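This report refers to the structure that appears directly beneath it.
Basis for what follows: all heavy atoms, side chains included, without hydrogens, waters or symmetry-related copies. Since this is a predicted model, take the numbers as computed values, not measurements.
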Amino acid sequence: MSTRLALVVLAVVLVSGCAKPPALERGLMLYEQGRYRRALATFDEAVREQPSAAAYTNRGTTRIRLGDTAGGIADFTSALQLAPNDFEILFNRGNARLVAGDPKGAIADFTRAAELRPTFALAVFNRGIARHRSGDALGARADWNEAIKLAKDPEVRAAMERRAEALGREAGAPASGPGAPASGAGAPAADSGAGRELARRALDRELAGDHTGALADLKSALALETDPGRRAALQDLLRMWEEAR
């Protein structure tokens with residue numbers, strides 16, 4: 001089972017009587033309800049009950065949601081001591097280190113995540129963001145181009161191209177190279193509806209590491225989309241994100 005909070009599948013266990021669910025399961029339920037402080041206290045209990053990688057990872061995710069980035073990084077580090085080859089935990093800690101202003105630490109985490117899963121396009125792309133923030137423009141561009149090649153889904157590729165182009169402009173240098181978009185690529189079509197804008201925002205949030213927000217936007221986009229072909233594509237993307245990378 002994946003340790004990422006947004007991807008954990010809750011099993012409903014039928015038992016006689018009114019047995020209290022384990023703390024980890026209760027914490028997940030509270031998190032999904034948006035009751036983050038209650039979830040944090042319950043994940044504290046889960047860590048005391050059984051200090052597993054899942055317990056630390058979910059507590060770390062909750063701490064970051066509440067603004068405690070340092071606490072989240074500490075929990076991800078504890079989780080990695082128990083599961084050192086979990087590429088998803090490494091990806092989570094890399095994103096947290098980016099938020100904390102530690103691009104070098106983020107680069108190390110994204111690199112290891114990509115080594116463990118060579119097709120992990122988001123890890124390579126976010127490593128490019130970390131390199132961009134550390135002043136390595138050439139390294140950033142190389143990572144973005146590689147990530148765009150690795151991304152199988154055309155919507156994900158388009159979102160990466162938009163993000164890379166925006167970051168290139170932010171640095172004062174236009175996007176270039178084999179993976180760079182053509183002029184105007186990735187811009188919303190004139191007839192794009194609210195659902196399609198939500199789908200684009202979902203992809204941008206996923207690239208930024210906000211998996212929970214990305215899922216919420218994608219589900220909203222699916223509810224608004226009327227085109228059968230695009231609905232099918234969104235459903236496929238939603239299934240992919242709800243499964244372990």
Side-chain angles (χ1 to χ4, degrees), residues 2-7 57 61 76 80 85-99 103-134 136-171 175-182 185-186 198-218 221 230 232-245:
S2 170
T3 55
R4 293 185 73 246
L5 177 73
L7 301 180
T57 298
T61 302
F76 293 147
L80 285 166
N85 294 325
D86 191 309
F87 63 90
E88 292 175 346
I89 302 174
L90 284 158
F91 180 71
N92 287 342
R93 190 174 69 175
N95 286 326
R97 283 176 161 174
L98 267 180
V99 171
K104 290 185 178 179
I107 289 168
D109 282 344
F110 293 138
T111 297
R112 181 57 180 154
E115 288 172 352
L116 289 166
R117 184 157 185 172
T119 59
F120 198 173
L122 283 176
V124 177
F125 191 91
N126 283 11
R127 184 176 65 186
I129 294 175
R131 284 179 167 162
H132 168 75
R133 292 186 183 176
S134 67
D136 181 7
L138 291 177
R141 173 55 55 198
D143 275 346
W144 295 334
N145 289 339
E146 181 184 350
I148 289 165
K149 290 177 183 177
L150 285 173
K152 295 180 180 179
D153 187 279
E155 294 273 4
V156 173
R157 284 199 302 273
M160 287 181 173
E161 289 171 349
R162 289 196 304 274
R163 181 72 168 139
E165 185 179 34
L167 287 166
R169 288 197 303 268
E170 177 186 303
S176 60
L198 279 167
R200 290 188 180 96
R201 190 174 73 176
L203 289 163
D204 289 337
R205 280 182 160 183
E206 180 70 6
L207 291 177
D210 181 8
H211 186 75
T212 302
L215 282 175
D217 276 350
L218 195 58
R230 288 190 61 83
L234 290 175
Q235 287 169 339
D236 288 342
L237 187 59
L238 183 59
R239 281 193 293 270
M240 180 181 72
W241 285 359
E242 287 181 332
E243 294 171 355
R245 292 192 183 93

Find the distance between [atom1] ([X]) and [atom2] ([Y]) and round it off to the nearest 0.5 Å.
X      : Y      : atom1 : atom2 : answer
Arg97  : Ile107 : CZ    : CD1   : 11.5 Å
Phe120 : Asn126 : CZ    : CG    : 8.0 Å
Phe91  : Glu88  : CZ    : CD    : 9.5 Å

Would you say the side chain of [Y] lies within less than 4.5 Å of the side chain of [X], judging by non-hydrogen atoms?
X      : Y      : answer
Leu122 : Met160 : yes
Ile129 : Arg163 : yes
Phe76  : Thr61  : yes
Phe110 : Asp143 : no

Where the side chain of [X] meets the backbone of [Y], is there a donor-acceptor pair that is under 3.5 Å apart?
X      : Y      : value
Arg157 : Lys152 : yes
Arg133 : Pro103 : no
Arg127 : Thr111 : no

Can you name the closest pair of heavy atoms from [X] and [Y] and give their distance?
X      : Y      : result
Asp109 : Gly94  : OD2-N, 3.5 Å
Ala121 : Ala147 : O-CB, 3.4 Å
Phe87  : Ala113 : O-CB, 3.7 Å
Ala151 : Val156 : CB-CG1, 4.0 Å

Qualifying residue, where the test is side chain to side chain contact (heavy atoms under 4.5 Å, CB included) with Leu80 and the options are Thr57, Leu90, Asn92, Asn85: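 Testing Leu80 for a side chain to side chain contact (heavy atoms under 4.5 Å, CB included) against Thr57, Leu90, Asn92, Asn85 leaves exactly one candidate, Leu90.
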Trace of the salt bridge (Lys or Arg N to Asp or Glu O under 4.0 Å) decision for Arg112 with Glu115: CA-CA 5 Å; Arg112 181 57 180 154; Glu115 288 172 352; 3.4 Å; yes
